[in-house]
Every structure is written in structure tokens, then in C-alpha cells.
Amino acid sequence: MSAIHPKITEVLTHTFKVPVAEIHPGSTMDSLEMDSLAVAEFAVLIRETTRGDRDFDQLPKNATLADISRFMDTAAGSGARMGGGAAMSNAR
């Protein structure tokens, strides 16, 4: 898994109290029962944690954690900073 995955896991478990057993590459924000406000907060926290400015609006609403990690790693690989922005998905 990518270098960002542990940071994603940490934010989900500590801030949003998502059980570690539910966090896997195929998880989506919907499957983790994150509502739109939680998803927006998640994006901000990931941006702050990674000191990045990547815009999550470019991701599809049903993006998996693997998609999010890959999206952020791609930015890092191209010389861009990793990070987040707006909501990716919403339902709880």
C-alpha cells in the first residue's frame, strides 16, 4: 500500500472512530458511513497532515481508499505536494 495509507488510517481511526477492521483498500467513504461533513473534514485533515494542496474534487464520488492513496501518490511522484480539498463522497 502507499505511503499515504497509514496517514489515512490514522485520521479515520482517531478522528472519525472508524474501526481498523473496516479500513481496507476497497473501502469507500460511503461504506465507512462518512457523511458529507465528515468527508469534507477528512479531506481538510489529510491536506493538513500531508501539507498538501491536492483537490479531491477530481476524484469520483465512489473513490476507494486505494484510489485516494494512488491519487495522492501520483501527485507526489510528479513533484506536486500531497493533500486534499473538498468532499469526495457523502452518505451516512
Atom pair [atom1]/[atom2] of [X] and [Y] - distance to nearest 0.5 Å:
X	Y	atom1	atom2	value
Met29	Phe16	CE	CZ	8.5 Å
Ile4	Leu65	CD1	CG	11.5 Å
Leu12	Lys17	CG	NZ	11.5 Å
Ile8	Thr13	CD1	OG1	11.5 Å
Leu45	Glu10	CG	CD	10.5 Å
Asp30	Asp35	CG	CG	10.5 Å

In short, Ala63 meets Ile68 closest at the heavy-atom pair CB-CG1, 4.3 Å
Evaluate side-chain contact (heavy atoms from CB on, under 4.5 Å) for Leu37 paired with Glu41, printing each intermediate quantity in order.
CA-CA 6 Å; Leu37 183 59; Glu41 184 178 356; 5.5 Å; no
Donor-acceptor under 3.5 Å (Ser31 side chain, Thr28 main chain):
yes
Can you check whether His5's main-chain N or O pairs, donor with acceptor, with Thr9's side chain at less than 3.5 Å?
yes
